Amino acid sequence: MLDMQFIRENPDLVKQVCVNKKEDADIDLLLKLDAERRKIIRTVEKLKNRRNVASKKISELKREKRDASSVIAEMKTVSEGIKVYDTKIKEFDKEIYEQMKWVPNIPHESVGHGEDEKDNVVVSEWGEAPEFNFEPADHIQLGTSLELFDFARSAKISGAGFPLYKGYGALLDRALINFMLDTHTKNGFVEISPPYLVNSQSAFGTGQLPKSKDQMYYVEEDDLYAIPTAEVPVTNLYRDEIFSEDQLPIWYCAYSSCFRREAGSYGKDTKGFLRVHQFNKVELVKFTVPEKSYDELESLRESAEGIIRALGLKYKVVSLCDGDLSFAASKCYDLEVWAPGEQKYLEVSSCSNFEDFQARRINIRYRQSLGGKLQYVHTLNGSGLATARMLVALVETYQTQEGTIRIPEVLQPYMHGMKEICPE
RNA sequence: GGAGGGGUGGCCGAGCGGCUUAAGGCAACGGUUUGCUAAACCGUCGUAGGGGUAACUCUACCGGAGGUUCAAAUCCUCUCCCCUCCGCCA
């Protein structure tokens with residue numbers, strides 16, 4: 001959510017951002033409603049002032065046991081007027097809010113202009129693509145022959161896109177999760193294990209609602225949404241709360257399963273683990289003062305990158321252009337790992353700075369040490385990382401000619417010391 | 001699911017139709033004085049919105065939404081959340 005005053009003062013900028021981000025919020029209508037609303041406020045507040053003054057008079061007269069009926073009669077009509085205007089203001093507030101919900105966040109000045117993902121900028125690349133003296137298999141072949149996953153049976157019990165891990169596949173996934181959580185907590189993140197179902201207020205707070213309502217699983221009977229990422233519960237932890245400045249920054253990491261309907265994406269990346277309805281992810285979330293948020297974004301990205309490096313996977317960092325930037329983000333880096341079996345990069349993390357866009361929606365503020373002013377915090381988050389796609393890159397990168405999969409050294413302690421996954 | 005209790009400023013907590021401009025305390029900030037992890041005293045101190053170049057001023061806000069009334073933190077209705085007990089269950 002943007003500040004109305006900001007929109008009032010920078011209408012052209014906001015309009016341009018809507019065009020660049022391909023959002024069709026009606027800024028002119030919004031400005032008109034805002035001006036209209038303020039005009040009514042001026043009128044009604046004059047009336048309310050009259051009422052307050054008269055009210056005091058009435059109470060004085062009553063105390064002195066004098067007649068107040070003429071003032072009361074007059075106030076009756078004034079009050080009726082107030083009621084009419086108040087109703088009008090409420091209508092305007094609602095209308096303005098309806099429009100405001102669709103206004104996207106302003107990109108940071110360092111974000112490039114572009115149409116879509118093809119205009120994203122590669123910031124850095126790391127690692128070497130593995131070389132094979134044989135034709136590398138993809139994760140589905142590997143997973144099937146080693147019995148790591150069972151897509152056919154999970155489709156039977158739930159449907160396509162619901163993965164099932166088995167044996168060493170399940171162990172590998174668990175190893176990845178534990179390795180990530182241990183690494184992040186060692187680096188200063190506090191671990192959170194959040195609820196998986198959240199109320200609509202939470203889904204709205206982090207920006208999933210209203211825009212991506214159809215992308216979430218919804219339990220109608222209880223009005224609860226299955227989380228598409230741990231970002232939702234963790235960011236909402238401090239909804240309607242006020243920090244003191246010395247409490248910031250706060251760094252959280254949270255493992256959760258993530259649920260996404262992926263409506264409308266049928267036929268795209270449908271193979272195996274590439275795009276699924278349920279996957280596991282360790283999420284990183286930060287709350288910080290505005291001055292530090294871009295430093296925190298860089299450090300957040302490094303935390304996520306550290307995992308990929310430790311696993312020895314080739315990857316690249318991409319800075320999203322404004323056309324590819326999500327609704328709520330000011331700046332975003334995508335981390336993409338190389339999957340040699342697929343012969344393509346897979347997005348395993350998005351590290352974003354939302355500045356005060358989320359904080360404004362969910363009302364998270366902090367009191368400045370100097371001056372004691374209340375200000376909105378900045379929120380950031382990034383995957384650190386999603387395991388489903390990491391598994392794809394991992395098994396494809398570390399496959400051998402014998403059809404086994406070598407285990408990266410950092411994961412071995414989490415795999416009971418196993419160095420290699422071999423056929424049974 | 002059933003029965004009670006409760007939601008008031010950063011925190012605690014009084015108020016239960018008009019002498020409230022939400023008491024009082026804590027915390028915070030500024031100052032005076034005395035000085036060994038500090039105390040005492042004085043002062044300032046909610047948030048949001050509107051108007052004004054400004055000092056300032058007006059309006060709203062007591063979980064949320066309606067209602068009664070000239071007037072609502074206070075009365076009524078609905079609703080959400082928290083706590084305790086009972087039931088059911090992992």
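Small disclaimer: the values here were computed from a predicted structure and weren't measured. Residue numbering restarts at 1 for every chain, and letters A, B, ... go by the order of the sequence lines. Computed from heavy atoms alone, side chains included, the values below leave out hydrogens, waters and symmetry copies.
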Of all the choices, [options], which nucleotide is nearest to the side chain of [X] once you look at every atom?
{"X": "A/Lys83", "options": "B/rU68, B/rU47, B/rG50", "answer": "B/rU68"}
{"X": "A/Ile41", "options": "B/rA60, B/rG50, B/rU59", "answer": "B/rG50"}
{"X": "A/Lys48", "options": "B/rU59, B/rG50, B/rC70", "answer": "B/rU59"}
{"X": "A/Arg367", "options": "B/rG49, B/rG51, B/rG10", "answer": "B/rG10"}
{"X": "A/Arg42", "options": "B/rA60, B/rG50, B/rC58", "answer": "B/rG50"}
{"X": "A/Arg37", "options": "B/rG18, B/rA60, B/rG49", "answer": "B/rG49"}
{"X": "A/Ser79", "options": "B/rG51, B/rG49, B/rC70", "answer": "B/rC70"}

Partner nucleotide of [N] by Watson-Crick or wobble geometry (both distances under 3.5 Å):
{"N": "B/rG4", "result": "B/rC83"}
{"N": "B/rG30", "result": "B/rC42"}
{"N": "B/rU53", "result": "none"}
{"N": "B/rC75", "result": "B/rG67"}
{"N": "B/rU59", "result": "B/rA48"}
{"N": "B/rU20", "result": "none"}
{"N": "B/rA90", "result": "none"}

Are any side-chain N or O atoms of [X] and backbone N or O atoms of [Y], one a donor and one an acceptor, separated by less than 3.5 Å?
{"X": "A/Arg260", "Y": "A/Gln215", "result": "no"}
{"X": "A/Asn381", "Y": "A/Val285", "result": "no"}
{"X": "A/Thr235", "Y": "A/Val232", "result": "no"}

Whole-Å distance between [N] [atom2] and [X] [atom1]?
{"X": "A/Asp240", "N": "B/rC11", "atom1": "CG", "atom2": "P", "value": "11 Å"}
{"X": "A/Tyr85", "N": "B/rC58", "atom1": "OH", "atom2": "P", "value": "22 Å"}
{"X": "A/Lys90", "N": "B/rU59", "atom1": "NZ", "atom2": "P", "value": "18 Å"}
{"X": "A/Asn199", "N": "B/rG64", "atom1": "CG", "atom2": "C1'", "value": "14 Å"}
{"X": "A/Gln201", "N": "B/rU79", "atom1": "CD", "atom2": "P", "value": "18 Å"}
{"X": "A/Leu374", "N": "B/rC45", "atom1": "CG", "atom2": "P", "value": "16 Å"}
{"X": "A/Gln247", "N": "B/rA28", "atom1": "CD", "atom2": "C1'", "value": "14 Å"}
{"X": "A/Asp86", "N": "B/rU59", "atom1": "CG", "atom2": "P", "value": "13 Å"}

Heavy atoms under 4.0 Å, any strand shown: does [X] hit a base, just sugar-phosphate, or nothing?
{"X": "A/Lys76", "answer": "sugar-phosphate"}
{"X": "A/Lys57", "answer": "nothing"}
{"X": "A/Arg50", "answer": "nothing"}
{"X": "A/Ile242", "answer": "sugar-phosphate"}

| said: Can you tell me how far apart CG (A/Leu176) and CG (A/Leu311) are? Round to the nearest 0.5 Å. | reply: 6.0 Å
| Inter-residue atom distance A/Leu47.CG - A/Asn52.CG, 0.5 Å rounding | 11.0 Å
Below the 4.0 Å mark, does [N] have OP1 or OP2 next to a side-chain nitrogen or oxygen of [X]?
{"X": "A/Arg38", "N": "B/rG49", "value": "no"}
{"X": "A/Asn49", "N": "B/rC58", "value": "no"}
{"X": "A/Arg51", "N": "B/rA60", "value": "yes"}

| Residues A/Arg38, A/Asp34: salt bridge by 4.0 Å N-O rule | yes
| For RNA chain B, whose closest nucleotide is more 5', that of A/Asn52 or that of A/Gln5? | A/Gln5
| task | Hey, which sits more toward the 5' end of RNA chain B by its nearest nucleotide, A/Arg8 or A/Lys56? | result | A/Lys56
| said: Between B/rG49 and A/Glu45, counting only base atoms on the nucleotide and side-chain atoms on the residue, is there a donor-acceptor pair under 3.5 Å? | reply: yes
| B/rG64 and B/rC85, which share atom name P, separated by this distance in whole Å | 29 Å
| request: Sticking with atom P, work out how far B/rU77 lies from B/rA90, rounded to a whole angstrom. | output: 39 Å
| Taking atom types as modelled, is there a side-chain donor on A/Tyr217 or A/His277 under 3.5 Å from an acceptor on the other? | yes
